[in-house]
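Shown next, in C-alpha coordinates, is the structure this report addresses.
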Amino acid sequence: MKIYKANILFTKEKNQFEVIENGYVAVEDGRVVRVGQSLAELNVGDAEVVDFGDSLLIPAMNDMHVHAPQYRNQGIAMDLELIPWLNNYTFPEEAKYCNEEYAERMYRRFVRDLWRFGTMRTVAFATIHEQGTRLLMNLFRQAGMGAFVGKVDMDRNCPDSLVQDVESAVRANEALIAEFNRPDDLVRPIITPRFIPSCTPQMLKACGELAKRYNLPVQSHLSENTGEIAWVRELEPQSKNYGDAYNRYGLFGQTPTIMAHCVWTDGEELELMKQNHVMVAHCPTSNLNLASGMAPVRRFLDEGMWVGLGSDISGGHDLSIFRMIVYAIQVSKMHYQKDRTKPFLTLPEAFWLATKSAGQFFGKVGSFEPGYEFDALVIDDSALNHDNYSLLHRLERFIYLGDDRHIVRRFCRGQEISEPEV
Ligand code: GUN
Ligand code: FE
(Lines give C-alpha, C1' and ligand atoms only; values in the text may rest on other atoms or scores of the structure.)
(Ligands and ions follow the chains in the order given, each with its own letter.)
Protein backbone atom coordinates (compact mmCIF):
# COMPACT_ATOMS: atom_id res chain seq x y z
CA MET A 1 0.00 0.00 0.00
CA LYS A 2 1.12 3.51 -0.86
CA ILE A 3 -0.53 6.80 0.07
CA TYR A 4 -0.10 9.86 -2.11
CA LYS A 5 -0.74 13.37 -0.84
CA ALA A 6 -1.47 16.27 -3.20
CA ASN A 7 -4.21 18.55 -4.48
CA ILE A 8 -6.47 15.93 -6.03
CA LEU A 9 -8.84 16.67 -8.92
CA PHE A 10 -10.92 14.24 -10.97
CA THR A 11 -14.37 13.90 -12.55
CA LYS A 12 -16.57 11.27 -10.96
CA GLU A 13 -19.55 12.82 -12.74
CA LYS A 14 -19.30 14.60 -16.05
CA ASN A 15 -20.64 17.90 -14.79
CA GLN A 16 -18.23 18.72 -12.03
CA PHE A 17 -14.76 18.22 -10.66
CA GLU A 18 -14.13 16.52 -7.35
CA VAL A 19 -11.55 18.73 -5.66
CA ILE A 20 -9.66 17.62 -2.57
CA GLU A 21 -7.18 20.24 -1.40
CA ASN A 22 -4.20 18.59 0.29
CA GLY A 23 -5.96 15.26 0.00
CA TYR A 24 -4.83 11.65 0.13
CA VAL A 25 -5.24 8.67 -2.12
CA ALA A 26 -4.37 5.13 -1.02
CA VAL A 27 -3.23 2.71 -3.72
CA GLU A 28 -2.79 -1.04 -3.46
CA ASP A 29 -2.13 -3.62 -6.18
CA GLY A 30 -2.42 -0.92 -8.80
CA ARG A 31 -5.84 0.25 -7.68
CA VAL A 32 -7.25 3.10 -5.64
CA VAL A 33 -8.43 1.83 -2.26
CA ARG A 34 -9.59 5.10 -0.74
CA VAL A 35 -9.47 8.80 -1.49
CA GLY A 36 -10.16 11.52 1.06
CA GLN A 37 -9.33 14.67 2.91
CA SER A 38 -7.34 13.20 5.79
CA LEU A 39 -5.42 10.11 6.78
CA ALA A 40 -8.01 9.47 9.48
CA GLU A 41 -10.74 9.49 6.87
CA LEU A 42 -8.77 7.04 4.72
CA ASN A 43 -8.46 4.71 7.72
CA VAL A 44 -6.16 2.29 5.94
CA GLY A 45 -3.59 1.76 8.69
CA ASP A 46 0.11 2.33 8.40
CA ALA A 47 1.54 2.98 4.99
CA GLU A 48 4.24 5.08 3.41
CA VAL A 49 2.99 8.59 2.55
CA VAL A 50 4.47 10.15 -0.57
CA ASP A 51 3.96 13.89 -0.40
CA PHE A 52 3.67 15.74 -3.71
CA GLY A 53 3.45 19.08 -1.90
CA ASP A 54 1.43 21.76 -3.66
CA SER A 55 1.23 19.84 -6.96
CA LEU A 56 -1.97 18.74 -8.65
CA LEU A 57 -2.75 15.01 -8.88
CA ILE A 58 -5.11 14.12 -11.74
CA PRO A 59 -6.07 11.01 -13.73
CA ALA A 60 -3.78 10.31 -16.70
CA MET A 61 -4.96 10.89 -20.27
CA ASN A 62 -6.38 8.28 -22.67
CA ASP A 63 -5.94 8.63 -26.44
CA MET A 64 -8.74 6.66 -28.05
CA HIS A 65 -7.62 7.02 -31.68
CA VAL A 66 -4.13 7.53 -33.06
CA HIS A 67 -2.05 6.23 -35.97
CA ALA A 68 1.42 5.41 -34.66
CA PRO A 69 2.97 5.03 -38.15
CA GLN A 70 1.83 8.51 -39.15
CA TYR A 71 4.03 10.10 -36.50
CA ARG A 72 6.62 11.31 -39.00
CA ASN A 73 3.85 13.14 -40.88
CA GLN A 74 2.76 15.06 -37.79
CA GLY A 75 2.30 18.72 -38.61
CA ILE A 76 2.74 18.41 -42.38
CA ALA A 77 0.51 17.80 -45.41
CA MET A 78 -2.56 19.75 -44.33
CA ASP A 79 -3.60 20.75 -47.84
CA LEU A 80 -5.96 17.92 -48.84
CA GLU A 81 -9.18 16.28 -47.74
CA LEU A 82 -9.33 12.71 -46.48
CA ILE A 83 -9.13 10.49 -49.57
CA PRO A 84 -6.42 12.33 -51.54
CA TRP A 85 -4.62 12.95 -48.23
CA LEU A 86 -4.52 9.18 -47.61
CA ASN A 87 -3.32 8.46 -51.14
CA ASN A 88 -0.69 11.19 -51.37
CA TYR A 89 0.79 11.34 -47.90
CA THR A 90 -0.43 8.63 -45.56
CA PHE A 91 -0.25 5.39 -47.52
CA PRO A 92 3.30 6.10 -48.80
CA GLU A 93 4.47 6.70 -45.21
CA GLU A 94 2.77 3.58 -43.84
CA ALA A 95 4.32 1.48 -46.62
CA LYS A 96 7.75 2.23 -45.10
CA TYR A 97 6.85 0.14 -42.04
CA CYS A 98 7.79 -3.08 -43.82
CA ASN A 99 11.26 -1.93 -42.76
CA GLU A 100 11.63 -2.99 -39.14
CA GLU A 101 14.53 -0.68 -38.41
CA TYR A 102 12.52 2.30 -39.59
CA ALA A 103 9.46 1.11 -37.67
CA GLU A 104 11.40 0.75 -34.44
CA ARG A 105 13.04 4.18 -34.73
CA MET A 106 9.72 5.92 -35.34
CA TYR A 107 7.67 3.89 -32.86
CA ARG A 108 10.18 4.58 -30.07
CA ARG A 109 9.71 8.32 -30.57
CA PHE A 110 5.96 7.88 -30.67
CA VAL A 111 5.77 5.97 -27.37
CA ARG A 112 8.21 8.35 -25.68
CA ASP A 113 6.09 11.33 -26.72
CA LEU A 114 2.84 9.76 -25.51
CA TRP A 115 4.65 9.40 -22.19
CA ARG A 116 5.73 13.04 -22.33
CA PHE A 117 2.18 14.28 -22.68
CA GLY A 118 0.83 12.09 -19.92
CA THR A 119 -1.11 9.65 -22.09
CA MET A 120 -0.92 6.37 -20.20
CA ARG A 121 -3.50 4.44 -22.28
CA THR A 122 -3.70 4.46 -26.03
CA VAL A 123 -5.83 2.84 -28.71
CA ALA A 124 -3.55 2.78 -31.72
CA PHE A 125 -3.52 1.76 -35.36
CA ALA A 126 -0.22 0.26 -36.48
CA THR A 127 0.17 -0.84 -40.14
CA ILE A 128 -0.55 -4.06 -42.06
CA HIS A 129 2.89 -5.34 -41.06
CA GLU A 130 2.93 -8.06 -38.40
CA GLN A 131 6.48 -7.50 -37.23
CA GLY A 132 6.11 -3.73 -37.06
CA THR A 133 2.92 -4.14 -35.03
CA ARG A 134 4.70 -6.55 -32.67
CA LEU A 135 7.50 -4.02 -32.22
CA LEU A 136 5.02 -1.32 -31.23
CA MET A 137 3.27 -3.66 -28.79
CA ASN A 138 6.58 -4.61 -27.19
CA LEU A 139 7.58 -0.96 -26.85
CA PHE A 140 4.35 -0.20 -24.97
CA ARG A 141 4.92 -3.28 -22.84
CA GLN A 142 8.50 -2.30 -22.01
CA ALA A 143 7.33 1.20 -21.13
CA GLY A 144 4.62 -0.16 -18.79
CA MET A 145 1.98 1.88 -20.56
CA GLY A 146 -1.44 0.52 -21.52
CA ALA A 147 -2.48 0.09 -25.15
CA PHE A 148 -4.78 -1.65 -27.55
CA VAL A 149 -2.74 -1.96 -30.74
CA GLY A 150 -4.27 -2.93 -34.07
CA LYS A 151 -2.54 -4.60 -36.95
CA VAL A 152 -4.29 -2.78 -39.78
CA ASP A 153 -6.26 -4.90 -42.23
CA MET A 154 -6.79 -3.57 -45.77
CA ASP A 155 -6.96 -5.10 -49.23
CA ARG A 156 -8.35 -2.61 -51.74
CA ASN A 157 -8.14 0.98 -52.95
CA CYS A 158 -4.59 1.45 -51.76
CA PRO A 159 -1.07 0.95 -53.15
CA ASP A 160 -0.07 -2.66 -53.86
CA SER A 161 2.49 -2.45 -51.06
CA LEU A 162 -0.35 -2.09 -48.53
CA VAL A 163 -2.63 -4.77 -49.96
CA GLN A 164 -2.60 -7.97 -47.94
CA ASP A 165 -4.67 -10.99 -48.89
CA VAL A 166 -7.28 -12.10 -46.38
CA GLU A 167 -5.53 -15.34 -45.50
CA SER A 168 -2.21 -13.64 -44.69
CA ALA A 169 -4.00 -10.95 -42.71
CA VAL A 170 -5.81 -13.56 -40.61
CA ARG A 171 -2.59 -15.47 -40.03
CA ALA A 172 -0.73 -12.32 -38.91
CA ASN A 173 -3.58 -11.35 -36.59
CA GLU A 174 -3.64 -14.82 -35.07
CA ALA A 175 0.10 -14.80 -34.44
CA LEU A 176 -0.20 -11.50 -32.56
CA ILE A 177 -3.31 -12.67 -30.73
CA ALA A 178 -1.51 -15.83 -29.56
CA GLU A 179 1.32 -13.70 -28.24
CA PHE A 180 -0.55 -10.81 -26.66
CA ASN A 181 -4.14 -11.72 -25.88
CA ARG A 182 -4.05 -12.12 -22.11
CA PRO A 183 -7.00 -10.55 -20.29
CA ASP A 184 -5.03 -8.70 -17.60
CA ASP A 185 -2.16 -7.52 -19.75
CA LEU A 186 -1.70 -3.81 -20.29
CA VAL A 187 -1.00 -4.28 -23.99
CA ARG A 188 -3.57 -6.13 -26.05
CA PRO A 189 -4.62 -6.63 -29.66
CA ILE A 190 -7.63 -4.95 -31.26
CA ILE A 191 -9.17 -5.94 -34.58
CA THR A 192 -8.58 -3.08 -37.03
CA PRO A 193 -10.19 -3.03 -40.47
CA ARG A 194 -8.94 0.37 -41.72
CA PHE A 195 -12.33 1.55 -43.04
CA ILE A 196 -14.91 0.26 -45.51
CA PRO A 197 -13.24 1.70 -48.65
CA SER A 198 -9.98 -0.15 -47.80
CA CYS A 199 -11.57 -3.54 -47.07
CA THR A 200 -13.29 -6.03 -49.37
CA PRO A 201 -16.39 -7.79 -48.02
CA GLN A 202 -14.17 -10.89 -47.53
CA MET A 203 -11.74 -8.90 -45.39
CA LEU A 204 -14.56 -7.36 -43.34
CA LYS A 205 -16.07 -10.79 -42.81
CA ALA A 206 -12.72 -12.20 -41.68
CA CYS A 207 -12.26 -9.29 -39.25
CA GLY A 208 -15.71 -9.84 -37.76
CA GLU A 209 -14.95 -13.54 -37.33
CA LEU A 210 -11.62 -12.82 -35.61
CA ALA A 211 -13.27 -10.40 -33.20
CA LYS A 212 -15.91 -12.98 -32.36
CA ARG A 213 -13.62 -16.01 -32.16
CA TYR A 214 -11.10 -14.34 -29.85
CA ASN A 215 -13.55 -12.00 -28.15
CA LEU A 216 -11.49 -8.99 -29.14
CA PRO A 217 -12.45 -5.33 -29.42
CA VAL A 218 -12.72 -3.54 -32.76
CA GLN A 219 -11.67 -0.12 -34.03
CA SER A 220 -12.20 1.66 -37.31
CA HIS A 221 -13.28 4.94 -38.93
CA LEU A 222 -16.89 6.06 -39.46
CA SER A 223 -18.62 8.88 -41.34
CA GLU A 224 -15.64 11.22 -41.32
CA ASN A 225 -15.93 12.99 -44.68
CA THR A 226 -18.89 13.50 -47.03
CA GLY A 227 -17.02 12.21 -50.11
CA GLU A 228 -16.00 9.11 -48.16
CA ILE A 229 -19.61 8.48 -47.09
CA ALA A 230 -20.84 8.75 -50.70
CA TRP A 231 -18.14 6.26 -51.73
CA VAL A 232 -19.19 3.80 -49.02
CA ARG A 233 -22.77 4.05 -50.27
CA GLU A 234 -21.51 2.89 -53.69
CA LEU A 235 -19.29 0.17 -52.27
CA GLU A 236 -21.90 -1.22 -49.87
CA PRO A 237 -25.27 -0.64 -51.57
CA GLN A 238 -26.97 -3.30 -49.41
CA SER A 239 -26.20 -1.42 -46.20
CA LYS A 240 -28.61 1.12 -44.77
CA ASN A 241 -25.78 3.42 -43.79
CA TYR A 242 -22.01 3.41 -43.16
CA GLY A 243 -22.40 2.07 -39.61
CA ASP A 244 -24.73 -0.66 -40.82
CA ALA A 245 -22.00 -1.80 -43.23
CA TYR A 246 -19.76 -2.59 -40.24
CA ASN A 247 -22.68 -4.02 -38.32
CA ARG A 248 -23.43 -6.56 -41.04
CA TYR A 249 -19.95 -7.99 -40.58
CA GLY A 250 -20.07 -8.10 -36.77
CA LEU A 251 -17.86 -5.04 -36.42
CA PHE A 252 -20.21 -2.63 -34.71
CA GLY A 253 -20.53 -3.31 -31.00
CA GLN A 254 -20.77 -7.12 -31.13
CA THR A 255 -17.54 -6.78 -29.12
CA PRO A 256 -16.42 -3.43 -27.58
CA THR A 257 -16.00 -1.09 -30.54
CA ILE A 258 -14.52 2.36 -31.14
CA MET A 259 -15.39 4.34 -34.25
CA ALA A 260 -13.28 7.40 -34.96
CA HIS A 261 -14.85 10.70 -36.06
CA CYS A 262 -18.62 10.17 -36.63
CA VAL A 263 -18.70 13.75 -37.90
CA TRP A 264 -21.78 13.10 -40.04
CA THR A 265 -23.41 10.37 -37.96
CA ASP A 266 -27.14 10.94 -37.62
CA GLY A 267 -30.50 9.16 -37.82
CA GLU A 268 -30.42 5.37 -37.98
CA GLU A 269 -26.65 5.23 -37.79
CA LEU A 270 -26.70 7.16 -34.53
CA GLU A 271 -29.49 4.96 -33.18
CA LEU A 272 -27.51 1.83 -34.04
CA MET A 273 -24.43 3.19 -32.30
CA LYS A 274 -26.49 3.88 -29.19
CA GLN A 275 -28.14 0.49 -29.29
CA ASN A 276 -24.83 -1.35 -29.77
CA HIS A 277 -22.94 0.86 -27.29
CA VAL A 278 -20.29 1.79 -29.88
CA MET A 279 -17.82 4.40 -28.64
CA VAL A 280 -17.16 7.58 -30.60
CA ALA A 281 -13.51 8.66 -30.67
CA HIS A 282 -13.90 12.39 -31.17
CA CYS A 283 -10.86 13.85 -32.95
CA PRO A 284 -11.40 17.59 -33.22
CA THR A 285 -7.97 18.57 -34.62
CA SER A 286 -8.16 15.95 -37.34
CA ASN A 287 -11.65 17.08 -38.31
CA LEU A 288 -10.38 20.65 -38.62
CA ASN A 289 -7.16 19.84 -40.51
CA LEU A 290 -8.79 17.53 -43.04
CA ALA A 291 -11.74 19.93 -43.40
CA SER A 292 -14.03 17.02 -42.53
CA GLY A 293 -16.53 18.96 -40.47
CA MET A 294 -17.41 19.25 -36.79
CA ALA A 295 -18.66 16.23 -34.89
CA PRO A 296 -21.78 17.06 -32.84
CA VAL A 297 -20.35 16.15 -29.44
CA ARG A 298 -23.03 17.90 -27.39
CA ARG A 299 -25.65 15.90 -29.26
CA PHE A 300 -23.72 12.67 -28.63
CA LEU A 301 -23.63 13.44 -24.90
CA ASP A 302 -27.30 14.41 -24.78
CA GLU A 303 -28.16 11.13 -26.49
CA GLY A 304 -26.17 9.25 -23.84
CA MET A 305 -23.59 7.96 -26.29
CA TRP A 306 -20.16 6.75 -25.21
CA VAL A 307 -17.46 9.22 -26.24
CA GLY A 308 -13.70 9.56 -25.80
CA LEU A 309 -11.09 11.86 -27.34
CA GLY A 310 -8.43 10.99 -29.91
CA SER A 311 -5.42 12.81 -31.34
CA ASP A 312 -5.69 10.99 -34.70
CA ILE A 313 -2.07 11.79 -35.58
CA SER A 314 -1.39 12.75 -38.39
CA GLY A 315 -4.83 13.91 -39.52
CA GLY A 316 -4.59 15.60 -36.13
CA HIS A 317 -1.35 17.50 -35.52
CA ASP A 318 -1.25 17.47 -31.73
CA LEU A 319 -0.46 14.43 -29.57
CA SER A 320 -1.53 16.09 -26.31
CA ILE A 321 -4.92 14.97 -25.03
CA PHE A 322 -4.95 18.06 -22.82
CA ARG A 323 -4.97 20.09 -26.03
CA MET A 324 -7.70 17.80 -27.35
CA ILE A 325 -9.84 18.82 -24.35
CA VAL A 326 -9.40 22.45 -25.38
CA TYR A 327 -10.16 21.77 -29.06
CA ALA A 328 -13.24 19.72 -28.20
CA ILE A 329 -14.59 22.66 -26.21
CA GLN A 330 -13.72 25.14 -28.96
CA VAL A 331 -15.33 23.04 -31.69
CA SER A 332 -18.48 22.69 -29.60
CA LYS A 333 -18.52 26.50 -29.33
CA MET A 334 -18.53 26.75 -33.13
CA HIS A 335 -21.48 24.35 -33.18
CA TYR A 336 -23.23 26.54 -30.66
CA GLN A 337 -23.03 29.38 -33.14
CA LYS A 338 -25.18 27.34 -35.52
CA ASP A 339 -27.59 26.00 -32.91
CA ARG A 340 -28.05 28.03 -29.74
CA THR A 341 -30.29 25.38 -28.20
CA LYS A 342 -27.28 23.13 -27.58
CA PRO A 343 -24.84 24.49 -25.01
CA PHE A 344 -21.12 24.11 -25.64
CA LEU A 345 -19.00 21.67 -23.64
CA THR A 346 -17.80 22.66 -20.20
CA LEU A 347 -14.29 21.96 -18.91
CA PRO A 348 -15.39 19.19 -16.54
CA GLU A 349 -17.34 17.54 -19.36
CA ALA A 350 -14.38 17.56 -21.73
CA PHE A 351 -12.03 16.37 -18.94
CA TRP A 352 -14.46 13.57 -18.13
CA LEU A 353 -14.51 12.54 -21.82
CA ALA A 354 -10.71 12.23 -21.80
CA THR A 355 -10.54 10.38 -18.48
CA LYS A 356 -13.47 8.46 -17.02
CA SER A 357 -15.58 8.12 -20.16
CA ALA A 358 -12.68 7.01 -22.36
CA GLY A 359 -11.12 4.97 -19.57
CA GLN A 360 -14.09 2.59 -19.46
CA PHE A 361 -12.71 0.99 -22.60
CA PHE A 362 -9.77 -0.32 -20.53
CA GLY A 363 -11.82 -1.45 -17.52
CA LYS A 364 -11.93 0.79 -14.46
CA VAL A 365 -9.64 3.58 -15.59
CA GLY A 366 -9.86 7.37 -15.55
CA SER A 367 -11.07 8.20 -12.05
CA PHE A 368 -9.78 8.07 -8.47
CA GLU A 369 -12.86 6.37 -7.05
CA PRO A 370 -12.11 3.20 -5.06
CA GLY A 371 -11.52 0.23 -7.36
CA TYR A 372 -10.15 2.31 -10.23
CA GLU A 373 -6.70 1.52 -11.56
CA PHE A 374 -4.29 4.22 -10.45
CA ASP A 375 -3.39 5.98 -13.71
CA ALA A 376 -2.24 9.40 -12.59
CA LEU A 377 -0.19 12.48 -13.35
CA VAL A 378 1.50 14.85 -10.93
CA ILE A 379 1.37 18.40 -12.29
CA ASP A 380 3.85 20.94 -10.95
CA ASP A 381 2.28 24.13 -12.21
CA SER A 382 4.29 26.47 -9.99
CA ALA A 383 5.59 28.22 -13.11
CA LEU A 384 1.99 28.89 -14.17
CA ASN A 385 0.63 29.64 -10.71
CA HIS A 386 2.30 32.97 -10.07
CA ASP A 387 -0.86 34.68 -8.92
CA ASN A 388 -2.38 32.23 -6.44
CA TYR A 389 -5.16 30.84 -8.55
CA SER A 390 -7.80 28.51 -7.13
CA LEU A 391 -7.21 24.78 -7.68
CA LEU A 392 -9.81 24.68 -10.47
CA HIS A 393 -8.24 27.65 -12.22
CA ARG A 394 -4.81 26.07 -11.79
CA LEU A 395 -6.03 22.93 -13.55
CA GLU A 396 -7.71 24.99 -16.27
CA ARG A 397 -4.53 27.01 -16.85
CA PHE A 398 -2.46 23.86 -17.03
CA ILE A 399 -4.87 22.34 -19.57
CA TYR A 400 -4.91 25.49 -21.71
CA LEU A 401 -1.31 26.68 -21.29
CA GLY A 402 0.70 23.84 -19.85
CA ASP A 403 2.75 21.16 -21.54
CA ASP A 404 5.00 18.23 -20.77
CA ARG A 405 7.38 20.41 -18.73
CA HIS A 406 4.73 20.63 -16.04
CA ILE A 407 4.05 16.89 -15.83
CA VAL A 408 6.56 15.67 -13.26
CA ARG A 409 5.39 12.12 -12.39
CA ARG A 410 3.36 9.57 -14.31
CA PHE A 411 1.64 6.41 -13.09
CA CYS A 412 -0.05 3.61 -14.97
CA ARG A 413 -1.87 0.89 -13.03
CA GLY A 414 -0.09 2.00 -9.87
CA GLN A 415 3.42 1.80 -11.29
CA GLU A 416 5.50 4.91 -11.78
CA ILE A 417 6.44 5.12 -15.46
CA SER A 418 9.86 6.46 -16.36
CA GLU A 419 10.81 7.98 -19.70
CA PRO A 420 10.91 5.28 -22.38
CA GLU A 421 14.20 4.99 -24.25
CA VAL A 422 14.30 6.19 -27.84
N1 GUN B 1 -9.78 6.81 -42.70
C2 GUN B 1 -9.09 5.73 -43.13
N3 GUN B 1 -7.78 5.81 -42.81
C4 GUN B 1 -7.65 6.96 -42.14
C5 GUN B 1 -6.52 7.60 -41.52
O6 GUN B 1 -5.40 7.12 -41.54
N7 GUN B 1 -6.77 8.79 -40.91
C8 GUN B 1 -8.01 9.35 -40.89
N9 GUN B 1 -8.18 10.53 -40.27
N10 GUN B 1 -9.08 8.77 -41.45
C11 GUN B 1 -8.90 7.60 -42.07
FE1 FE C 1 -7.76 7.89 -37.97
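Whatever order the structure lists ligands and atoms in, that order sets their numbers, starting from 1. The first residue of the sequence shown is numbered 1, and numbering continues consecutively from there.
- Counting heavy atoms under 4.0 Å from ligand 1, residue Phe91 does not touch it at all.
- At a threshold of 4.0 Å, the pair Arg116-Asp113 counts as salt-bridged, since one of the basic side-chain nitrogens sits closer than that to a carboxylate oxygen.
- For ligand 1 and Leu86, the ligand atoms under 4.0 Å from any heavy atom of the residue are 2 (C), 3 (N), 4 (C), 5 (C), 6 (O).
- Atoms of ligand 1 found under 4.0 Å from any heavy atom of Leu290, numbered from 1 in the order shown, are 9 (N).
- Rounded to 10°, the angle that OD1 of Asp312 and NE2 of His67 form at the Fe ion (ligand 2) is 90°.
- Between Glu209 and Lys212 there is no salt bridge, since none of the side-chain N atoms of the basic residue sits less than 4.0 Å from a carboxylate O of the acidic one.
- Between Tyr107 and Tyr97, the two ring planes are tilted [angle within 30° to 60°].
- Residues Glu236 and Pro201 have side chains in contact (heavy-atom distance under 4.5 Å, counting atoms from C-beta outward).
- Counting heavy atoms only, His221 comes closest to atom 1 (N) of ligand 1 of the residues Gln70, Glu93, His221.
- Not one N, O or S atom of His261 sits under 2.8 Å from the Fe ion (ligand 2).
- Scanning all protein heavy atoms for the shortest distance to atom 10 (N) of ligand 1 gives Glu224 OE1, 2.7 Å.
- Electrostatic pairing of Glu369 and Lys364 does not count as a salt bridge here, judged by no charged N lying under 4.0 Å from a carboxylate O.
- Taking the six-membered ring where tryptophan is involved, the planes of Phe52 and Tyr4 are essentially parallel, since the angle between them stays under 30° and well short of 60°.
- For Phe125, the closest heavy-atom approach to ligand 1 does not fall below 4.0 Å.
- Taking a 4.0 Å cut-off on heavy atoms, His261 registers as neighbouring ligand 1.
- Contact check on Arg121 versus Glu373 returns a salt bridge, with a Lys/Arg side-chain nitrogen under 4.0 Å from an Asp/Glu carboxylate oxygen.
- Classification of the Phe252-Tyr246 ring pair by plane angle, with boundaries at 30° and 60°, yields parallel.
- Because the distance cut-off is set at 2.8 Å, Cys283 fails to qualify as a neighbour of the Fe ion (ligand 2), as none of its N, O or S atoms comes that close.
- Arg194 NE, 2.8 Å is the protein heavy atom nearest to atom 3 (N) of ligand 1.
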